Engineer: 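What follows is a structure written as structure tokens; I'll ask about it next.
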Amino acid sequence: SAIASGFDSRFFSLINPAETENSPLDSLRCVVPGIQARLYRQHLRMGDSLLIAQVNENEVARLIKLLQSTGGHHIEAFDQVDSSRS
């Protein structure tokens with residue numbers, strides 16, 4: 001529904017624990033802050049999937065409303081992690 005609403009599919013990633021060969025946390029480290037990565041790892045262990053979207057700041061509220069209206073939960077917005085800084 002996000003793509004049908006005009007969002008670009010190239011900026012969406014889905015982490016599904018059933019389809020992840022490597023540790024799901026490895027997939028999160030480059031795009032999610034550490035505290036959220038730990039929380040999301042717990043959800044992945046319970047079998048939940050994780051949708052990561054990179055959108056312009058002015059589109060965040062619209063995407064959150066869309067995700068909520070289609071059953072999304074635990075929706076958070078944050079700035080992208082700068083993986084070059086350790």
Side-chain angles (χ1 to χ4, degrees):
S1 60
I3 293 155
S5 296
F7 289 98
D8 189 336
S9 65
R10 295 175 295 170
F11 298 108
F12 287 81
S13 298
L14 179 66
I15 300 175
N16 181 339
E19 298 174 359
T20 304
E21 292 178 18
N22 300 324
S23 165
L25 182 58
D26 292 341
S27 302
L28 296 174
R29 285 186 181 158
C30 296
V31 293
V32 177
I35 292 171
Q36 283 92 348
R38 287 190 293 276
L39 173 65
Y40 297 153
R41 181 177 57 193
Q42 291 173 351
H43 283 282
L44 289 166
R45 285 182 181 152
M46 294 184 314
D48 293 337
S49 294
L50 175 65
L51 174 70
I52 297 174
Q54 296 177 339
V55 298
N56 291 328
E57 188 173 343
N58 59 345
E59 293 285 356
V60 170
R62 183 169 78 94
L63 180 58
I64 288 173
K65 286 179 185 177
L66 176 66
L67 294 172
Q68 289 172 332
S69 72
T70 57
H73 54 91
H74 301 290
I75 300 169
E76 297 183 72
F78 47 84
D79 291 332
Q80 185 174 358
V81 173
D82 183 356
S83 59
S84 65
R85 298 188 319 184
S86 299

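For this chain, numbers begin at 1 and follow the sequence in order. This one's a predicted model, so the numbers in the text were calculated from it and none came from an experiment.
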Engineer: Is the shortest side-chain heavy-atom distance between I52 and Y40 below 4.5 Å?
Structural biologist: no
Engineer: Out of curiosity, D8 CG to E59 CD, how far, rounded to the nearest 0.5 Å?
Structural biologist: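 Atom-to-atom, D8:CG and E59:CD are 11.0 Å apart.
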Engineer: Please check if the number of heavy atoms outside E76 that lie under 6.0 Å from its CD is greater than 12.
Structural biologist: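 Yes, the 6.0 Å shell around CD holds more than 12 heavy atoms from other groups.
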Engineer: Indicate the atoms forming the closest heavy-atom contact of I64 with A77, along with that distance.
Structural biologist: CD1-CB, 4.3 Å
Engineer: Atom CG of N56 and atom CZ of R62: how far apart are they, to the nearest 0.5 Å?
Structural biologist: 10.5 Å
Engineer: Check the pair V55, F11 against side chain to side chain contact (heavy atoms under 4.5 Å, CB included), reporting the backbone distance first and the verdict last.
Structural biologist: CA-CA 7 Å; V55 298; F11 298 108; 5.5 Å; no
Engineer: What's the spacing between H43 NE2 and L50 CG if we round to 0.5 Å?
Structural biologist: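 These two atoms lie 9.5 Å from each other.
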Engineer: Please find the pair of heavy atoms, one from S49 and one from L14, that lie closest to each other, and give the distance.
Structural biologist: CB-CD1, 4.0 Å
Engineer: Distance from N58 atom CG to L63 atom CG, nearest 0.5 Å?
Structural biologist: 12.0 Å
Engineer: Write down the atom of A2, the atom of L66, and the distance for their closest heavy-atom approach.
Structural biologist: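 So the minimum-distance heavy-atom pair works out to CA-CD2, 3.3 Å.
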